[in-house]
Amino acid sequence: MVAMALGGAAAFTPMRMSVGGASGSGSSSSSSSSNQKKGLKAHAFDVSAPPTSGASSPDPNELDAWRSMECLEPADGFSQRDIERMNLIANGIERALAFNMPDTAPATEPGKVYDIEFEDHDLSKLGYPATSDSDAWASLDCLEAAFDSSAMDVKDIHDRVNAVNMAAHTAALPLMRQTQAEQATRAEDEVVVFRGGKVGDTTMHKITAKAELGIPDHVDIHVKCEYENPTGSIKDRIAKYMLEKALSTGQLTTDMTIVEASSGNTGASVALIAKDLGVPCIIITNKDTSAEKVGIIASFGAEVVLCPSAPADSSEHYQNTATRLYEERLPNAYTLDQYNNPLNSETYYYTLGPEIAAALDNVDYVVAGSSTGGTLAGTGKFLKEAKDTTVVLSDPVGSVLANFVETGVVEPYVKQAIEGVGKDSIPGNFDRTLIDQVEPIVDKKAVQTCHDVLKYEGLFVGGSSGVNIGAAIQLANKVPPRADGKKVNIVTMAPDGGFKYLSKYYSPQWLAEKGM
């Protein structure tokens, strides 16, 4: 297979190889075709519509010439812009050929789960269009190989690439990024719609079973029920906000593959949007992620890569694996990079923070755990500015975050039982300067809180919610009454629901294994 350098900025280098070298067929009759200086004349193609059922494909000799990429050899007089565009086309064609996968599965079929610790998988093929060689070759009929002019019409190339997409009957053929001029023609605000419901404006639930849960009378604890979002988690907020930004700026186009590291919830949110957009999606997570969350992501059609629980600096760590898979797919890949992208924090600054501020006259404390750092940073910043709120980090014992806030030192990570909150490293979005105090909580207390709020308050929540609500209750027993006699309002979040953890925090077997 022809090895092509990826990336739109690199100049196209014409390939000089025997025409039969790529496929091993047609060697006896292909030498004359490979000697044509400007390539082969392909079949005429109407770029306004996909090919009819009777459309013919190039003969085998022409196929070999396409493989050698000599059909795309630039002639003297081509501008650098033209050569770069041809490079993108050639890269896209090469990808369509290199990944010989079965026909596209029906949209209702789930994605697959790949355990890279115990199974041998070629992850390089994930996220590329499911198209056979014959389909890929048929789609190339529109790319007339003989460039007889020394002046290349860029718009003409763009039209031809669009025709390739149409002929392949998929918007996901990874051919090229949009140019800045093309991006400028897009609407300023591209709207991502969750068909399953509305994102945000979730219920603010005031806990009433104060005596049963050990909450003093002078304190009210309010829980933002983020499990009401369409995929059942707070992460629908960042997926919607960040992907809308990416679509409106052209950073994400439907010919790309989305590659994202996630402890589960962001993966589900992104997978559902990707399915609606028709964009291939790969979610990389670790094997501590609950079976329910992995199943949800796969049900939405994404490919799920399971990585072993490894140290943060290991190449097998799920975030490092995601970085590698993303970089291998450039320039036809997009990642939210939720751990480092400031749009994560910005999401909560413009959505969750204002919702909380509008619901209460005084917000004395906001309590939130952290994994990417975005919820606490964005919400905390807004509430500090709007309500002079004290920002409190809730953190499972074993996570490196609490000690980092207090001392600036990253201590060795001690594995915790609660997933999706706490961290083994410091995310780029984590802003310790916004945090006023920390409230560590042990795993057992967090899980017990999940069961208690279900029993006494009717809230069916996940483990990170147990961390948040448990830490809020601990805090409530430390804070003094307000001088004006008003209730001390503590606001926290229930990031997801308990249905995602039936095999863990609500499983008698799991609880017994963990000594809970």
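In what follows, every heavy atom counts, from backbone to side chain, and hydrogens, waters and symmetry copies are set aside.
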Approximate separation, where rounding is to 0.5 Å, of T249 OG1 and Q251 CD = 3.5 Å
Return the orientation label for the Y505 and W510 ring planes: parallel under 30°, perpendicular over 60°, tilted otherwise.
-> perpendicular
Starting from the C-alpha separation in whole Å, work towards a yes-or-no answer on side chain to side chain contact (heavy atoms under 4.5 Å, CB included) for R324 and I284.
-> CA-CA 11 Å; R324 185 178 72 253; I284 302 89; over 6 Å; no
What closest approach, in Å, do A239 and L336 show between heavy atoms, and which atom pair accounts for it?
-> CA-CD2, 4.2 Å
Measure across P308 and E316 and return the closest heavy-atom pair with its distance rounded to 0.1 Å.
-> CG-OE1, 3.7 Å
Using a 4.5 Å cut-off on heavy atoms from C-beta on, say whether the side chain of V447 contacts that of I418.
-> yes
Pair K384 + D436, salt bridge at N-O below 4.0 Å = yes
Please confirm whether the backbone N or O of A377 pairs with a side-chain atom of D431, one donor and one acceptor, at under 3.5 Å?
-> no
Tell me, with the steps shown, if L475 and Q437 meet side chain to side chain contact (heavy atoms under 4.5 Å, CB included).
-> CA-CA 10 Å; L475 176 66; Q437 61 191 78; 3.4 Å; yes
With side chain to side chain donor-acceptor pair (under 3.5 Å) as the test, would you mind laying out the steps for E355 and Y348 before giving the verdict?
-> CA-CA 10 Å; E355 288 176 30; Y348 296 106; over 6 Å; no
Specify the closest pair of heavy atoms between T231 and A268, including all atoms of both residues, with the distance to one decimal.
-> CG2-O, 4.2 Å
salt_bridge(K504, E292) N-O dist < 4.0 Å | no
Using only heavy-atom distances, determine whether the side chains of E439 and Y365 contain a donor-acceptor pair under 3.5 Å.
-> no
Mark yes or no for whether N429, through its side chain, and N341, through its backbone, hold a donor-acceptor pair below 3.5 Å.
-> yes
For K224 and T202, indicate whether the former's side chain and the latter's backbone hold a donor-acceptor pair under 3.5 Å.
-> yes
About how many Å separate CD1 of I234 and OG1 of T375, when rounded to the nearest 0.5 Å?
-> 4.0 Å
Going by heavy atoms in the side chains, are I356 and M493 under 4.5 Å from each other?
-> yes
Heavy-atom count around F499 CZ within 6.0 Å, excluding the residue itself: above 12?
-> yes
To the nearest 0.5 Å, tell me how far I490 CD1 sits from T389 OG1.
-> 11.5 Å
Could you tell me whether K293 and E419 make a salt bridge, using a distance below 4.0 angstrom between a side-chain N and a carboxylate O?
-> yes
NZ on K445 to CD1 on I469, rounded to 0.5 Å | 11.5 Å
For K500 and N265, run side chain to side chain donor-acceptor pair (under 3.5 Å): C-alpha distance rounded to whole Å, both residues' side-chain angles, the deciding distance at 0.1 Å, then the answer.
-> CA-CA 9 Å; K500 294 190 176 188; N265 281 327; 2.6 Å; yes
Any chance you could lay out the side chain to side chain contact (heavy atoms under 4.5 Å, CB included) test for T285 and L306, step after step, and finish with the verdict?
-> CA-CA 5 Å; T285 189; L306 295 180; 3.5 Å; yes
Scanning both residues in full, the closest heavy-atom pair of L393 with S370 reads CD1-CB, 3.9 Å
Which pair of non-hydrogen atoms, one from S345 and one from G373, has the smallest distance, and what is that distance?
-> OG-O, 4.4 Å
Kindly determine whether Y339 and Q319 satisfy side chain to side chain donor-acceptor pair (under 3.5 Å), including the steps that lead there.
-> CA-CA 9 Å; Y339 294 94; Q319 287 180 243; 4.6 Å; no
Minimum side-chain heavy-atom gap S371-P427 below 4.5 Å | no
Any side-chain heavy-atom pair from I238 and T266 closer than 4.5 angstrom?
-> yes
Does S464 use its side chain to pair, donor to acceptor, with the backbone of G420 at less than 3.5 Å?
-> no
Any Lys/Arg nitrogen of K455 or E212 sitting under 4.0 Å from an Asp/Glu carboxylate oxygen of the other?
-> no
S399 (side chain) donor-acceptor with D395 (main chain) under 3.5 angstrom | no
With the threshold set at 4.0 Å, does a side-chain nitrogen-carboxylate oxygen contact exist between K210 and E457?
-> no
Would you mind checking if K415 and D288 are paired as a salt bridge, meaning a charged N to carboxylate O distance below 4.0 Å?
-> yes
Any donor-acceptor pair under 3.5 Å from N320 side chain to A312 backbone | yes
Determine yes or no for a side-chain-to-main-chain donor-acceptor pair under 3.5 angstrom, with T289 supplying the side chain and N286 the backbone.
-> yes
Result for side-chain contact (heavy atoms from CB on, under 4.5 Å) between E226 and one of D236, D496, L352, T203 points to L352
Only residue of T492, D220, V223, V219 satisfying side-chain contact (heavy atoms from CB on, under 4.5 Å) with I207 is V223
In sequence, state the C-alpha distance, the side-chain angles, and the governing distance for N344 and T372, and then conclude on side chain to side chain donor-acceptor pair (under 3.5 Å).
-> CA-CA 8 Å; N344 183 340; T372 66; 3.0 Å; yes
Please check if the side chain of S314 supplies one atom and the backbone of A310 the other of a donor-acceptor pair under 3.5 Å.
-> no
Does the side chain of D424 reach to within under 4.5 Å of the side chain of P311, using non-hydrogen atoms?
-> no
Can a cation-pi geometry be assigned to R432 and F404, taking NZ or CZ under 6.0 Å from the six-membered ring centre and within 45° of the ring axis?
-> yes
N362 (side chain) donor-acceptor with D364 (main chain) under 3.5 angstrom | no
Report the C-alpha separation of Y334 and T257 in whole Å, then their side-chain angles, then the decisive distance to 0.1 Å, and conclude whether the side chain to side chain contact (heavy atoms under 4.5 Å, CB included) test is met.
-> CA-CA 6 Å; Y334 172 79; T257 297; over 6 Å; no
Do V270 and I258 come within less than 4.5 Å of each other through their side chains, counting heavy atoms only?
-> yes
When rounded to the nearest 0.5 angstrom, what is the spacing between OG1 in T323 and OH in Y318?
-> 11.0 Å
Just wondering, more than 12 heavy atoms not from K387 lying within 6.0 Å of its NZ?
-> yes
Closest heavy-atom pair, V304 versus A298, reported as atoms and distance to 0.1 Å, is CG2-N, 4.0 Å
When you measure from the side chain of N229 to the backbone N and O of V199, does any donor-acceptor pair fall under 3.5 Å?
-> no
State, with a plain yes or no, whether a side-chain heavy atom of M242 is found less than 4.5 Å away from one of D337.
-> no
Rounded to the nearest 0.5 Å, what separation is found between the OG1 atom of T335 and the CE atom of M256?
-> 12.0 Å
Determine, for K487 against D217, whether the closest basic-nitrogen to carboxylate-oxygen distance falls under 4.0 angstrom.
-> yes
Does any non-hydrogen side-chain atom of L376 lie less than 4.5 Å from one of V391?
-> yes
Does CG belonging to D388 count more than 12 external heavy atoms closer than 6.0 Å?
-> no
